[in-house]
Amino acid sequence: MLSEDVRELLLSRIKDVPDYPKPGVMFKDITPLLADPEAFAALTGVLVELAERYGATKIVGLEARGFILAAPVAVAAGVGFVPVRKAGKLPGATLAQSYELEYGTAEIEVHAEDLSAGDRVMVIDDVLATGGTAEASLSLIRRAGAEVAGVAVLMELSFLPGRAKLADALAAAPLDALIVV
């Protein structure tokens, strides 16, 4: 799936930012990767291959960096792009899903008419950390009557419980992390 050359290219363009957004956190900044046309194209190509392998008919991008990664994949794969947004950001009829945060709850939404029975939906995001947003998005997809084709992330933070949290929600759908840190 991911050649060692592409993996090294992607890793070389992800910048560690210590103590951001708070002391003790090592933030993984993907903006240098996005600014490099070769790296961004390589990432998009790998995600398109996954979309084709999953048999995706729609691509969901999770707010906000997931939008940046998912939209070019949808265009290149010739399928629709559907944004999953924070609550209150979409006009019209939406489906909403709440989920737990470390200290409180959050809510995401999707336009009710953008997903339907017969859609095979691939979820794309930049990072899998605790898994809350991804898990909520899988619930939204299924509530809309669509099928989860798979989840793909650029990076998985292995020291956080995201993969374990998603295990039940994924059912038989694959979870692909291009880089595990």
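Any value given below was found using the heavy atoms of this structure, including those in side chains, with hydrogens, waters and symmetry copies removed. A quick note: this is a predicted structure, and the numbers were derived from the prediction, not measured.
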Look only at the side chain of [X] and the backbone of [Y], and say whether a donor-acceptor pair between them is shorter than 3.5 Å.
X	Y	result
K58	D114	yes
H111	L95	no
D19	G24	yes
R143	A96	yes

Can you pull out every salt bridge (charged side-chain N to carboxylate O under 4.0 Å, His left out) where at least one residue sits in residues 157-176? Sequence neighbours excluded, please.
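Those involving residues 157-176 are E135-K165, E156-R163.
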Is D126 salt-bridged to R65, cutoff N-O under 4.0 Å?
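Salt bridge present between D126 and R65.
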Any side-chain heavy atom of [X] sitting closer than 4.5 Å to one from [Y]?
X	Y	result
M122	V151	no
D36	F40	no
L128	L154	no
L178	L50	yes
I14	M155	yes
V121	L115	yes

What pair of heavy atoms forms the shortest contact from R85 to F67, and how long is it?
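Reported closest heavy-atom pair: CD-CZ, 3.4 Å.
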Quick one: which of T105, T133, T130 gives a side chain to side chain donor-acceptor pair (under 3.5 Å) with Y99?
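The side chain to side chain donor-acceptor pair (under 3.5 Å) with Y99 is passed solely by T133 among T105, T133, T130.
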Transitive ILVMFWY cluster of M26 at side-chain heavy atoms under 4.5 Å: who else is in it?
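Same cluster as M26: nobody, lone residue.
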With sequence neighbours excluded, what pairs up with R7 under the side-chain hydrogen bond (donor to acceptor under 3.5 Å, both in side chains) test?
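Checked R7 against side-chain hydrogen bond (donor to acceptor under 3.5 Å, both in side chains); zero matches.
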